[in-house]
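Report on the structure given below.
In what follows, residues are counted from 1 in the order of the sequence shown.
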Amino acid sequence: MVEQLKPQYSVAWIDKMSEIPQQKWDALAQPLTTPFLEWEWLHNIETSGSATGRTGWQPAHLTVWRGAELIAAAPLYIKSHSYGEFVFDHQWADLSHRLGIGYYPKLLGMTPFTPAVGYRFLIAPGENELEITALMIAAIDHFCDQNHLSGCHFLFVDPQWRILMENFGFTPWLHHSYI
């Protein structure tokens, strides 16, 4: 009997959408109902100067590859403030400051300046979503530790994806938003 080997994955952190082939990214994003995770939207936000390190939205996109095939991705940003998130977590930042715990920088998963529900990891059809999600969460945890980030927040998420992430130990919180 031949033993079935697990596919070999590699993880890459990309700081510009232009470094990711548009067709490969969009093959993951276009089956979704939201256009705000598509390559052109994210690329335009970066090239316009809106989502940059200077504006407090440093791109740090997570990609998962099998050889030259992009099988998963997550648009992520290192944030030095909470502006443009449409979530008012300033109380958390203030409490962290009073406790001597750094709240910023943090890693954020959402479409910048876009309070539209639908954020999720982009995973190719046919891939094992649980396995790839676990791999991506582990990569995010390592990235946060390595870069001294307080943690990772996901905002305006797809309701079904929220359930999946809760099963991985993420905790949802209620907040006021103006949408």
Side-chain angles (χ1 to χ4, degrees), residues 9 11-14 17 20 24-42 45 51 56-64 70-96 101 103-145 147 149-179:
Y9 302 116
V11 170
W13 290 89
I14 310 295
M17 285 300 294
I20 304 167
K24 291 182 182 206
W25 182 280
D26 282 345
L28 304 176
Q30 287 182 340
L32 302 176
T33 58
T34 177
F36 300 119
L37 297 175
E38 293 177 13
W39 186 94
E40 188 170 7
W41 177 265
L42 298 170
I45 288 174
W57 289 86
Q58 177 61 50
H61 307 305
L62 172 59
T63 59
V64 180
L70 179 63
I71 61 162
L76 294 163
Y77 300 87
I78 299 172
K79 291 294 307 284
S80 58
H81 55 68
S82 295
Y83 301 112
E85 297 175 16
F86 298 92
V87 171
F88 304 100
D89 62 350
H90 302 288
Q91 299 89 346
W92 288 107
D94 182 56
L95 177 62
S96 293
I101 301 169
Y103 190 71
Y104 304 108
K106 64 182 181 179
L107 192 62
L108 180 69
M110 75 171 285
T111 302
F113 320 110
T114 311
V117 171
Y119 181 88
R120 60 173 297 120
F121 292 164
L122 309 175
I123 299 175
E127 294 295 333
N128 182 326
E129 184 176 13
L130 293 176
E131 180 181 9
I132 300 299
T133 299
L135 173 77
M136 293 174 81
I137 291 169
I140 287 169
D141 286 345
H142 180 73
F143 184 83
C144 287
D145 287 345
N147 292 284
L149 305 177
S150 66
C152 184
H153 305 228
F154 301 110
L155 303 179
F156 302 102
V157 301
D158 174 279
Q160 293 302 314
W161 190 71
R162 174 184 166 181
I163 294 166
L164 174 67
M165 295 305 282
E166 287 177 25
N167 290 332
F168 275 100
F170 283 80
T171 304
W173 58 287
L174 298 176
H175 59 83
H176 298 288
S177 61
Y178 300 98
I179 57 172

- [ ] State, to 0.1 Å, how close Val117 and Val157 come at their nearest heavy-atom pair, and which atoms those are.
- [x] CG1-O, 3.2 Å

TODO: Check Ala51 against Tyr77 and note the closest heavy-atom contact, atom names and distance.
DONE: CB-CE2, 4.2 Å

Task: Under 3.5 Å donor-acceptor, Thr63 side chain and Ala73 backbone - done: no

Task: Donor-acceptor contact present, side-chain Asn147 to main-chain Leu149, <3.5 Å - done: no

Task: Contacts of Phe168 that satisfy ring pair (Phe, Tyr, Trp, His ring centres under 6.0 Å) - sequence neighbours left out - done: none

Task: Atom pair CD1 (Ile123) and CG (Leu130), whose distance is rounded to the nearest 0.5 Å - done: 8.5 Å

TODO: Please check if the side chain of Tyr119 supplies one atom and the backbone of Pro75 the other of a donor-acceptor pair under 3.5 Å.
DONE: yes

Open item on the list: Please check this pair: side chain of Thr133 against backbone of Glu131, looking for a donor-acceptor N/O pair closer than 3.5 Å.
Closed with: no

Task: Residue pair Ile132, Tyr9: steps toward the side chain to side chain contact (heavy atoms under 4.5 Å, CB included) verdict - done: CA-CA 9 Å; Ile132 300 299; Tyr9 302 116; 3.6 Å; yes

Task: For the student: nearest non-hydrogen atoms of Ile137 and Met165, plus distance - done: CD1-CE, 3.8 Å

Task: Atom pair CG/CG of Leu62 and Leu76 - distance to nearest 0.5 Å - done: 6.0 Å

Task: Residue list, ring pair (Phe, Tyr, Trp, His ring centres under 6.0 Å) with Trp13, at least two apart or on another chain - done: Phe143

Open item on the list: So, taking the atom named CD in Glu40 and the one named CE in Met17, what distance separates them when rounded to the nearest 0.5 Å?
Closed with: 10.5 Å

TODO: Could you please spell out the steps behind the side chain to side chain contact (heavy atoms under 4.5 Å, CB included) verdict for Gln160 and Ile163?
DONE: CA-CA 5 Å; Gln160 293 302 314; Ile163 294 166; 4.1 Å; yes

Task: Non-hydrogen atoms of Ile45 and Pro112 that approach each other most closely - done: CD1-O, 3.9 Å

Task: Side-chain heavy atoms of Met136 within contact of Val64, under 4.5 Å - done: yes

- [ ] Indicate the atoms forming the closest heavy-atom contact of Glu166 with Pro172, along with that distance.
- [x] OE2-CG, 3.4 Å

TODO: Supply the atom-to-atom distance Ser80 OG to Gln58 CD, rounded to the nearest 0.5 angstrom.
DONE: 9.5 Å

Task: Closest approach of Pro59 to His61 (non-hydrogen atoms, all atoms of both residues) - done: CB-NE2, 3.6 Å

Anything under 3.5 Å between a donor and an acceptor, one on a side chain of residues 25-37, the other on a protein residue two or more places apart or in another chain? List them.
residue	atom	partner	partner atom	Å
Trp25	NE1	Leu37	O	2.8
Asp26	OD1	Trp39	N	2.8
Thr34	OG1	Phe36	N	3.1

TODO: Determine, step by step, whether Leu108 and Trp57 satisfy the side chain to side chain contact (heavy atoms under 4.5 Å, CB included) criterion, reporting the C-alpha distance in whole Å, the side-chain angles of both residues, the deciding distance to 0.1 Å, and the verdict.
DONE: CA-CA 9 Å; Leu108 180 69; Trp57 289 86; 3.8 Å; yes

